Amino acid sequence: MSSNDADARPYGRRAFLGLLAAGLTSFAWARPASRVFAPVTSQFSALAGDLLPVGGWRIYTISGSMPVFDPKTWRLEITGLVRTPVSLTYDELRSLPRSRQVSTFHCVTGWTVKDVRWAGVRFEHLLALARPLPSARAIRFVSLEEPYDDSLTLDQSLLADVMLAYDMDGAPLTRAHGSPARVVIPEMYGYKGVKWLTRMELVDAQPTGYWEGLGYDQNAWVGRSNGRG
Amino acid sequence: MDAGRPRLHRFSRTERAVHWVHAAAFLVLLATGLALYLPSLSELLGRRPLLKSIHVWTAVVWIVALVLVVAAGDRRSLRATLREVDLFDRDDRNWLLRRGPPQGRLNAGQKINTILTGVFALLFAITGVLLWYGERDTRFRFAQTILIHDWLTYISFVLFVGHLYLSVIHPRTRHSLTGITRGWVYEDWAREHHAKWARLARREGADAP
């Protein structure tokens with residue numbers, strides 16, 4: 001269509017296929033590349049706060065609205081196979097022995113948040129109050145967000161870096177992060193860490209949790225479950 | 001509007017339909033995607049399952065609508081457009097270095113934008129299907145998928161802002177919007193921005209109604 005038809009080159013198709021190949025092969029190089037760029041992107045996300053969570057959190061919920069925490073009515077119930085059923089207010093929960101940790105949060109969908117500062121209660125202190133019966137083998141965690149629940153074996157709940165967290169990065173948990181309390185188990189993917197916790201039920205066998213019912217692994221070890229590793 | 005000012009026909013109905021199906025889907029997908037992705041918006045809006053359904057179904061409608069437009073539309077004009085996008089002549093190549101040489105109906109930048117949009121659409125669709133299906137079958141769950149979907153969003157957002165600026169705001173180029181809404185542009189504008197095409201179109205009598 002022009003006087004330059006003779007030296008027209010089919011660069012468009014090549015560019016299309018080249019870029020498509022680059023995009024498809026990024027399944028192989030996206031992760032290393034994102035590590036290279038991490039110093040840049042994490043500074044960027046620190047600047048932009050949670051408005052632009054590049055490399056940061058994203059908030060997954062399963063119901064129409066996030067639960068609202070009301071300190072006056074909220075209770076943490078510990079029930080099931082226990083000698084002493086327990087009902088704790090928010091203040092009572094916060095008055096239990098406090099632990100702090102810095103750990104990395106892994107989501108099963110592939111994103112990760114490094115160096116999250118948590119504060120909360122180790123499960124040994126909560127279990128000491130309720131005194132599980134010998135037949136108890138696992139804890140079912142029930143969220144205010146219905147019908148979300150998940151579970152850990154007693155042994156898993158007593159791992160050194162597992163806690164019921166009520167503070168994150170130096171402040172009480174926000175609504176989006178599961179206020180007033182959420183389970184933290186850094187060695188497993190985040191879906192095991194029930195948010196907006198309201199009840200711990202001691203049971204003799206691990207029940208099928210919300211995501212397990214949809215095909216996710218009961219033991220959600222990071223890098224060794226859900227089709228990885 | 002100047003009734004007597006000569007016009008040239010620039011984009012066919014089918015080309016415009018493809019553009020607007022794509023644009024509408026992009027906007028809905030961007031809006032719902034951001035609501036799913038940004039913590040502040042997620043908390044403000046809630047209703048994640050609904051937003052997720054809208055996002056997924058919009059993607060389905062987008063693909064089906066594109067297929068329908070291609071099936072029912074003027075495929076000859078689409079093929080001609082593809083050929084045009086494919087070929088970069090000397091003027092195109094030089095234009096990318098300095099904005100001098102006369103351009104065809106699509107300048108080199110517009111060709112590149114078209115190519116990028118096509119690649120991104122495909123990669124968005126592939127990673128999107130993997131995200132959706134990976135939630136149902138672990139064999140299709142890859143740690144990288146969401147990362148790639150995210151980066152496609154960042155880059156295409158920047159492209160979209162640039163595209164919007166040139167077609168709606170920039171005084172010298174924004175007349176091009178008429179081409180993609182009504183199909184025609186003023187001939188004097190075309191002669192300035194797409195000289196080779198304007199000459200040819202005049203010769204072939206591509207007057208716009």
Side-chain angles (χ1 to χ4, degrees), chain A residues 1-20 22-24 26-31 33-34 49-66 106-112 174-177 211 214-217 223 225-228, chain B residues 36-43 45-50 52 82-93 101-105 108 111-112 114-116 118-120 122-123 126-127 130-131 134-148 150-152 154 196-197 199-200:
Chain A
M1 71 179 289
S2 76
S3 53
N4 282 328
D5 262 357
D7 50 50
R9 301 271 186 279
Y11 289 157
R13 194 171 323 186
R14 283 179 218 170
F16 180 86
L17 293 173
L19 286 164
L20 188 62
L24 290 175
S26 71
F27 278 96
W29 55 259
R31 198 130 290 256
S34 78
D50 80 343
L51 194 70
L52 274 177
V54 181
W57 295 95
R58 39 203 90 182
I59 306 301
Y60 293 165
T61 51
I62 59 159
S63 64
S65 67
M66 279 182 208
H106 296 277
C107 178
V108 70
T109 61
W111 52 270
T112 288
T174 60
R175 187 179 175 206
H177 287 289
W211 286 110
L214 295 168
Y216 287 70
D217 290 350
S225 65
N226 294 290
R228 308 240 172 86
Chain B
L36 294 170
Y37 173 60
L38 299 174
S40 46
L41 275 181
S42 302
E43 188 172 352
L45 297 172
R47 310 197 65 83
R48 185 178 184 86
L50 175 70
K52 203 166 153 182
L82 281 181
R83 207 181 122 70
E84 195 180 338
V85 170
D86 183 27
L87 293 177
F88 282 67
D89 64 18
R90 188 179 296 156
D91 287 337
D92 287 333
R93 302 197 293 268
Q103 294 290 285
R105 187 180 67 137
K111 290 180 183 181
I112 290 174
T114 310
I115 293 163
L116 285 174
V119 171
F120 276 50
L122 250 175
L123 292 174
I126 292 168
T127 51
L130 284 174
L131 283 175
E135 211 169 283
R136 286 148 186 84
D137 187 335
T138 53
R139 285 173 303 166
F140 295 89
R141 199 177 303 151
F142 308 105
Q144 294 81 351
T145 316
I146 202 163
L147 201 71
I148 299 169
D150 288 354
W151 275 98
L152 291 172
Y154 307 149
K196 284 195 291 189
W197 169 67
R199 267 202 307 275
L200 196 80

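Throughout, protein chains are lettered first and strands after them, A, B, ... in sequence-line order, and every chain is numbered starting at 1. Note that these values count all heavy atoms, side chains included, but never hydrogens, waters or copies made by symmetry. This one's a predicted model, so the numbers in the text were calculated from it and none came from an experiment.
- Looking at A:Y60, both its backbone and its side chain come within 4.5 Å of chain B, counting heavy atoms on both sides.
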Intermediate values then yes/no, side-chain contact (heavy atoms from CB on, under 4.5 Å), B:T114 and B:E84: CA-CA 11 Å; B:T114 310; B:E84 195 180 338; over 6 Å; no
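- Proximity to chain A (any heavy atom under 4.5 Å) is shown, for B:T145, by both the backbone and the side chain.
- At a 4.5 Å heavy-atom cutoff, the contact between B:D150 and chain A is made by side-chain atoms alone.
- The parts of A:L24 that come within reach of chain B are both its backbone and its side chain, each placing non-hydrogen atoms under 4.5 angstrom from that chain.
- Ring pair B:F88/A:Y11 is tilted by interplanar angle, where 30° to 60° counts as tilted.
- Applying the 6.0 Å contact sphere to CZ of B:R93 captures more than 12 heavy atoms from other residues, nucleotides or ligands.
- In this structure a side-chain-to-backbone donor-acceptor pair under 3.5 Å is present from A:D7 to B:R90.
- Here A:Y216 is the residue among A:W211, A:W111, A:Y216 with the most heavy-atom pairs under 4.5 Å with chain B.
- Contact annotation for B:R83: neither backbone nor side-chain heavy atoms come within less than 4.5 Å of a heavy atom of chain A.
- For B:L50, no part lies under 4.5 angstrom from a heavy atom of chain A.
- In this structure, no portion of B:L41 lies under 4.5 Å from any heavy atom of chain A.
- A side-chain donor-acceptor contact under 3.5 Å links B:R48 to the backbone of A:I59.
- Contacts between A:L19 and chain B at a heavy-atom distance below 4.5 Å involve backbone atoms as well as side-chain atoms.
- There is no contact between A:T174 and chain B, counting heavy-atom distances below 4.5 Å.
- Only the backbone of B:V85 comes within less than 4.5 Å of a heavy atom in chain A; its side chain stays farther off.
- A donor-acceptor contact shorter than 3.5 Å links the side chain of B:Q103 to the backbone of B:A108.
- B:P49 and A:I62 get closest at one heavy-atom pair: CG-O, 3.2 Å.
- Using a 4.5 Å cut-off between heavy atoms, A:L214 touches chain B through its backbone atoms (N, CA, C, O) alone.
- Formation of a donor-acceptor pair under 3.5 Å by the B:K111 side chain with backbone atoms of B:L87 is found in this model.
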